[in-house]
2 protein chains.
Amino acid sequence: MSNKQKETIYDIAAKAGASASTVSAALNGTWKKRRISQKTAERIIKIAREQGYTTNNQARALRTSRSGLVALLVPEYNRFFSNIAQTFSQEVRARNLCPVIISTERDPEEERHVVSDLTNWQIDSVFFVGSVAPDDLSRQCQDAAIPHVFLDQPCALAPSVVTDNRAGARMLTEQILASLPPQSGEGLRDQIYFLGGDRTLPSTYNRIEGFSDAMCAQDVALHPSQIIAETYNKDAATRAIEALYAELGGLPRGLFINSDSVFEGTMRFVAGLPEKELRACAFGCFDYEPFGQLLRFPVHMVRQRHRTLVERAFWLLENNSPPVLEQVVPELYPAEF
Amino acid sequence: MSNKQKETIYDIAAKAGASASTVSAALNGTWKKRRISQKTAERIIKIAREQGYTTNNQARALRTSRSGLVALLVPEYNRFFSNIAQTFSQEVRARNLCPVIISTERDPEEERHVVSDLTNWQIDSVFFVGSVAPDDLSRQCQDAAIPHVFLDQPCALAPSVVTDNRAGARMLTEQILASLPPQSGEGLRDQIYFLGGDRTLPSTYNRIEGFSDAMCAQDVALHPSQIIAETYNKDAATRAIEALYAELGGLPRGLFINSDSVFEGTMRFVAGLPEKELRACAFGCFDYEPFGQLLRFPVHMVRQRHRTLVERAFWLLENNSPPVLEQVVPELYPAEF
DNA sequence: CCGCCTTGCACAATCGATGTTGCAAAGCAT
DNA sequence: ATGCTTTGCAACATCGATTGTGCAAGGCGG
């Protein structure tokens, strides 16, 4: 098959006794429109196949100014983003395009830089997941006329698909409330705490709303101090739960954990506690972590529907959606014991 | 800055009162060699910056036949591969190139297809992680003169970097042996089992060797039936441990779990067992899973040094290494209780 | 047999950057 | 002033595929 260097349409043209333009038309499927006879087209296609010809994407992209590349920008490769990436890849490849996945380390400067890089590649479209500075990025894409869509973290200037964080948080909170252990009678410890995330981000904000919704609906009092949402950082989460434990003199009666990283950080401390203390707290985690179901105490979880998120994002993109915000309700995984 | 369409060197040339070739030289740094005066070069660079000019990568790639793209092929996005992807991205971007990460779903056909696709993009080099059919891929790359390197799964035809699975498995097995619970006295149940993986793959093969090494070194008898290594599949792992449990009438005295997916599958069954039974088995997992340390029973783990693997792979690639096999010894994470 | 419409294809321009070649002007020695 | 070397840059061909245009041969009506 492919033996030496790359062949061009000119080589094929010579071998087929046709012109390069005819070969091009035959191979890219436009031959009908270009009034090339079926016989000629088939002959050329056969020869091209025999020679193992494949088209030079740069040349095509240069001419058509469409690269056939679709980019996904993720902050990092955690479980959730990796799932998104996986689904994204499948969808892109199903469309005969090439997925380009880049992590930006949550750095706005890096995000800008990557987008400008992608612009130079004449990227067909861009999916932003959990971007730090959506508005800037959207403007950048608009300037370059690149269709784009936001996932997980919405943008007012472009179509966005996000998890219905409020509904999810409400579901999770209700589940926590439904499985509360008996009261300890020690005041603060009988409260339910919300831990982790960044309250300045819409996702965290909405989860806090959902949390409050559920509490209100059941007439449970809620004081601002019960919401500890400064960061998604794992180590910070460990410190936060330690501090809370020290302050309350034990675990609270319920704990809403706002992401897998916070979950991991929290568990690092919590897992060392005696069985009895663990049983005195109802845990919920807004993220799905399979091992969470295998701990020695129940943890309710909420899982984002990553496939749906990606599919809807494609739909919006391919239908030239205006800047709408779509919300996808997540799934509840109640602990089984 | 960037207001409308993309500018070309011709636009800049017009604005600078110079020719396109001069602009090109000024902007890509070859102006000294091309005997462009420093004054002219600086003037052009200044104008280009003001206009927010950025170069069209397709055009450059077409002309130079170097794309500036570096690809990573992964089977899927699990924890290990995602870590590799993360490190890979950082290294590539540090070199001012563009990382392209593609998952092939462990499908040899898909692998071939992707490589041929990448060839058409004039990819600068390719990293294969855990490939199914390394030899074919290597030949494909050689035909296209694409430098490439294999990680995790070695290839005889190209430089490869893999974890020293044998040494790692030996370390892990020794740790299991060192923490064995007291004998039950019930024959088969006092044995140690190796679970998961695919014995036809070098990685599994070498881990089995390491497992045997450690057993031999301590004069522990080992029968072929103690090695159950047909697949990495999660569900199959659940079934396998269930079957083993049924056959032995309980957990074995020690269990070597060969990967995170198998770990997850095994735990799905095991986590439901009573505390006492769990304490009667020493668990080791050849993969690192943070939640593994938080289970209600100790699990020793071995963690592959993904950063080192990637760094060595780059080194081999950039130094035009012949087809050598480099082994990186993994890290042992003994359970803490 | 003549004009006219298809059919079938070749030609050539083009996308934007690179790099080779050529050619003035400047510098220098004699 | 003459000849020779440098310096500084513009012209032009090129990478490979796409696409607008032109033109010949064939078909058909009158």
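Numbered from 1 within each chain, the chains take letters A, B, ... in sequence-line order. Just so it is clear, the values below take in all heavy atoms, side chains as well, and ignore hydrogens, waters and symmetry mates. Everything numeric here is computed off the predicted structure, so don't read it as measured data.
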Novice: Any donor-acceptor pair under 3.5 Å between the side chain of T64(A) and the base of dA17(D)?
Specialist: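 Donor-acceptor pair under 3.5 Å: no.
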
Novice: Is a donor from one side chain sitting under 3.5 angstrom from an acceptor on the other, for S138(A) and Q142(A)?
Specialist: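 Per modelled atom types, S138(A) and Q142(A) side chains form a pair under 3.5 Å.
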
Novice: Could you check how far CG of N57(B) sits from P of dC15(C), rounded to whole Å?
Specialist: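 Interatomic distance, CG of N57(B) to P of dC15(C): 18 Å.
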
Novice: Which part of the nucleic acid, if any, lies within reach of T8(B) when heavy atoms closer than 4.0 Å are counted: base, sugar-phosphate only, or nothing?
Specialist: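 Sugar-phosphate, backbone atoms only, no base.
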
Novice: Quickly work out the K6(A) NZ to dC15(D) C1' distance and round it to whole Å.
Specialist: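 Rounding to the nearest Å, NZ of K6(A) and C1' of dC15(D) are 11 Å apart.
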
Novice: Any chance the rings of F127(A) and F314(A) have centres within less than 6.0 Å?
Specialist: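 Aromatic pair counts; centres sit under 6.0 Å.
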
Novice: 5'-most contact on DNA chain D: G17(B) or A59(B), nearest heavy atom basis?
Specialist: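 With G17(B) and A59(B) compared, the 5'-side residue is G17(B).
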
Novice: Rounded to the nearest angstrom, tell me the gap between atom CZ in R63(A) and atom C1' in dT18(D).
Specialist: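 Atom-to-atom, R63(A) to dT18(D), this comes out as 5 Å.
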
Novice: Please determine if a side-chain N or O atom of T22(A) lies less than 4.0 Å away from the OP1 or OP2 oxygen of dA10(C).
Specialist: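 Answer is yes, contact under 4.0 Å.
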
Novice: So, Q90(A) versus R307(A): side-chain donor-acceptor pair below 3.5 Å or not?
Specialist: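 Indeed, the side chains of Q90(A) and R307(A) share at least one donor-acceptor pair under 3.5 Å.
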
Novice: Rounded to the Å, how far apart are I9(A) CD1 and dC15(C) C1'?
Specialist: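 Distance check: I9(A) CD1 to dC15(C) C1' gives 14 Å.
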
Novice: How close or far is atom C1' of dA13(C) from atom CG of L62(A), stated in whole angstroms?
Specialist: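 Roughly 13 Å, once rounded to whole Å.
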
Novice: Specify the separation, in whole Å, of atom CD1 of I12(A) and atom P of dA17(D).
Specialist: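 After rounding, the gap between these two atoms is 9 Å.
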
Novice: Touch check for S21(B), heavy atoms < 4.0 angstrom, all strands: base, sugar-phosphate only, or nothing?
Specialist: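 If one applies the 4.0 Å heavy-atom cut-off, S21(B) turns out to touch a base.
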
Novice: Can you sort out which residues in residues 23-48 of chain B have a heavy atom within less than 4.0 Å of DNA chain C? Ascending by number, please.
Specialist: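 Only S24(B), N28(B), R34(B) qualify.
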
Novice: Are Y10(A) and dT18(D) close enough that a side-chain N or O sits under 4.0 Å from OP1 or OP2?
Specialist: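 Result: no.
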
Novice: I'd like to know if the side chain of Q38(A) pairs up with that of K32(A) as donor and acceptor (distance under 3.5 Å, no hydrogens or angles considered).
Specialist: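 Looking only at side-chain atoms, K32(A) and Q38(A) do not form any donor-acceptor pair under 3.5 Å.
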
Novice: Is a donor from one side chain sitting under 3.5 angstrom from an acceptor on the other, for N28(B) and T30(B)?
Specialist: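 Their side chains do contain a donor-acceptor pair, which is all the 3.5 Å distance test asks for.
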
Novice: Scan for salt bridge (Lys or Arg N to Asp or Glu O under 4.0 Å) pairs involving residues 116-135 of chain A, sequence neighbours excluded, and state none if there are none.
Specialist: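 Only R66(A)-D124(A) qualify under salt bridge (Lys or Arg N to Asp or Glu O under 4.0 Å).
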
